[in-house]
Structure formats: structure tokens, C-alpha cells
2 protein chains.
Amino acid sequence: MTKLETRAYSSYSRDALKLLAQMIRRARIERKLTTQELADRAGISRGLIQRIERGDPGCAIGAVFETAAIVGVRLFDADQPTMAAHLSANNATLALLPKSVRPSGKVKDDF
Amino acid sequence: MTKLETRAYSSYSRDALKLLAQMIRRARIERKLTTQELADRAGISRGLIQRIERGDPGCAIGAVFETAAIVGVRLFDADQPTMAAHLSANNATLALLPKSVRPSGKVKDDF
DNA sequence: ATTATATGGGCTATTTATAATCCAAATCGG
DNA sequence: CCGATTTGGATTATAAATAGCCCATATAAT
């Protein structure tokens, strides 16, 4: 039985997922890595590599990101120092933001 | 009991995960959305939103990407048409690549 | 063509994530 | 300060992912 769709995904997140999956697969092949070799390096099973390269939404994001990192796919188009910079910058901004949110009035969206 | 570390993650993928988590949390607060409201919109539980904003590697990537999309966090710094373009470009490239990989000789890496 | 092997897919057992609670503490608006 | 509510964290039952097999097919190198 093919599992029939449990959740709904926006086309945006579905495309992002597919794109990441394709980039990983392409990078793996270009680096001449076997699915098994990649699985071993990532510490996961070959079957999971297959699901990752298929863009399965149910895969653990940690496994996907780790796999991407191994084959050299850059998330956020950024290297580590750049990401670290963004992290601390975001931390600073987050510190200034309210710690809990009150939906003022009835409006939930701004546009 | 705090679950003791099962897997190892590279610092790169851990940072990428944290960064995405922070961007989501920041975007949610800036949009004045309650964790419950965001959970409802994403079709997931509030507890999962908390783990997503904590950068938990075990979260399903579909749930994370969907949540990001809802609060307006752009994956790959790209809008939908841009991603679609990358998708088809990648498809074309993949078609030219070998369909299966043979580790030539003993070398697994190229550098 | 032949041979070795990579890939795709299915299957089951086990681990893990997720939902749905509930509670205590923190936070914000009045 | 007070009251309402958001948030964080724990717990438990359920659902789902993952690992580890297996087999058939496709692919690539010789």
C-alpha cells in the first residue's frame, strides 16, 4: 500500500523540499559516492538516503541537513562563519522582541 | 531523562538547523502569531512548533519547511519561480549524469 | 555480451516522533 | 500590581520513521 497523503503541504515547501533533494542527489553523484557510502558517512541507512533524495517530507531534518553537509550542499547559500554571524545577529534581534505574543484585537495578519 | 545523544551531527548542519529555527521563531513573533495559532495553521501540534523553534534535528523536514513557509521564511533565499527554475535546471543536469555510481579504484574523495 | 554492483522497492521489527493532555512559570496588557 | 494567557516542559498513548533485511532490475565497466 502506498501511504495516502496524511498532511497538506504548500507548493512552496514542497518545491523547496524537492529542490534540496535534487541538489543532494546531484552532489552525491558528482562526487561519485554510492548511496551506501553516503549512508555510512551520515550514519543512517541506505533506505533513508533514498527517501531523502526523493524529497520525502517525513524524513528527520537532522538527517537531511547532515547528508546535505556531507555532499557539500550549502544551506542558506552560506558557509559556517556566515551562518554563525547570522545566528548571533538573530539572537540579538530576538532579545529585543517580546517573549510572548498577544494577538491585539482580532487581527492576526498584517497586510 | 534527557535523551542522550544518539547521533553525531556536523557543526555545519547543527548551525544551519539552529539558524532556520531562529528565523522561524523570529518571524512568528514579528508577525504576532501565537505558537498555538501557528500550529493550527501548519496543521501540527503546539509541542512540535516548540521543538521546531528549538532546532530539534528529529522533526520531520516537511513540518519544518511548511512552518517556515507560513511565517514567510524563504528557503534557499528564493521565491517560488526561482525555485522552479532551479528545479528544472537541476533536472536537466541530472539527466546527463550517470544513473549509478562506481567508486573507481579505491579513492572515495576528490581533492 | 558478460559480470559485478548500484539502485529501487518491499517487508518486518524496533525505535522514535507526534498529538493530546496537564501543570507551573513567565510575560504582557490593563 | 493583577488577571489573562502565552510559553515551556513533562507524560502517555498512538502513529510513523528508521534500520536491516531481502529481491528484481538497471547500470556500468570489462
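All chains are named by letter (A, B, ...) in the order of the sequence lines, taking the proteins before the strands, and each is independently numbered beginning at 1. This one's a predicted model, so the numbers in the text were calculated from it and none came from an experiment.
A search for side-chain hydrogen bond (donor to acceptor under 3.5 Å, both in side chains) contacts involving Gln80(A) returns Ser11(B), not counting sequence neighbours. Here Gln36(A) pairs with Asp40(A) under the side-chain hydrogen bond (donor to acceptor under 3.5 Å, both in side chains) rule; sequence neighbours left out. In this structure, the side-chain contact (heavy atoms from CB on, under 4.5 Å) partners of Thr35(B), at least two apart in sequence or on a different chain, are Arg28(B), Arg46(B), Ile49(B). With sequence neighbours left out, Ser13(B) forms a side-chain hydrogen bond (donor to acceptor under 3.5 Å, both in side chains) with Glu66(A), Ser10(B). Under the side-chain contact (heavy atoms from CB on, under 4.5 Å) criterion, Leu17(A) pairs with Pro57(A), Ile61(B), Phe65(B), sequence neighbours left out.
Within the hydrophobic cluster formed by Ile, Leu, Val, Met, Phe, Trp and Tyr side chains joined at under 4.5 Å, directly or through other members, Leu94(A) is accompanied by Leu97(A), Val101(A), Ile29(B). The hydrophobic cluster of Leu96(B) has no other members, since no ILVMFWY side-chain heavy atom comes under 4.5 Å of it.
Residues Leu20(A) and Tyr12(A) share a hydrophobic cluster, clusters being chains of Ile/Leu/Val/Met/Phe/Trp/Tyr side chains in contact below 4.5 Å. Tyr9(A) and Ile24(B) fall into different hydrophobic clusters, where Ile, Leu, Val, Met, Phe, Trp and Tyr side chains are chained together by heavy-atom contacts under 4.5 Å.
The distance from atom CG of Leu38(B) to atom C1' of dG8(D) is 16 Å, rounded to the nearest whole Å. Going from atom CZ of Arg46(B) over to atom P of dC23(C) covers 14 Å, rounded to whole Å. The interatomic distance linking Leu33(B) (CG) with dT7(D) (C1') rounds to 15 Å, in whole Å. Straight-line distance from the CG atom of Leu48(A) to the C1' atom of dT7(C): 16 Å, rounded to whole Å.
Among the heavy atoms of the strands lying under 4.0 Å from Gly58(A) are primed sugar atoms or P, OP1, OP2 only; no base atom is included.
The base of dG8(C) does not come close enough to the side chain of Arg54(A) for any donor and acceptor atom to sit less than 3.5 Å apart.
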Detail all sub-3.5 Å separations between protein N/O atoms and N/O atoms belonging to nucleotides 28-30 of chain D.
residue: dA28(D); atom: OP1; partner: Lys99(B); partner atom: N; Å: 2.9

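Contacts between residues 14-29 of chain A and DNA chain D, defined by a heavy-atom separation under 4.0 Å, are absent. Interface residues of residues 60-69 of chain B facing DNA chain D, ordered by number: none; criterion, heavy-atom separation under 4.0 Å.
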Sequence neighbours excluded and cut-off under 3.5 Å, please list the side-chain donor-acceptor pairs for residues 85-93 of chain B, or say none.
residue: Ser88(B); atom: OG; partner: Ala84(B); partner atom: O; Å: 3.4
residue: Ser88(B); atom: OG; partner: Ala85(B); partner atom: O; Å: 3.1
residue: Asn90(B); atom: OD1; partner: Arg26(A); partner atom: NH1; Å: 2.7
residue: Asn91(B); atom: OD1; partner: Gln22(A); partner atom: NE2; Å: 3.0
residue: Thr93(B); atom: OG1; partner: Ala89(B); partner atom: O; Å: 3.1

Under 3.5 Å, which donor-acceptor pairs link side chains of residues 68-78 of chain B to any protein atom two or more places apart or in another chain?
none

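For Gln36(A) and Gly47(B), each mapped to the nucleotide of DNA chain C holding its nearest heavy atom, the one lying further toward the 5' end belongs to Gln36(A).
The phosphate of dT7(C) (OP1 or OP2) has a side-chain N or O of Thr35(A) nearer than 4.0 angstrom.
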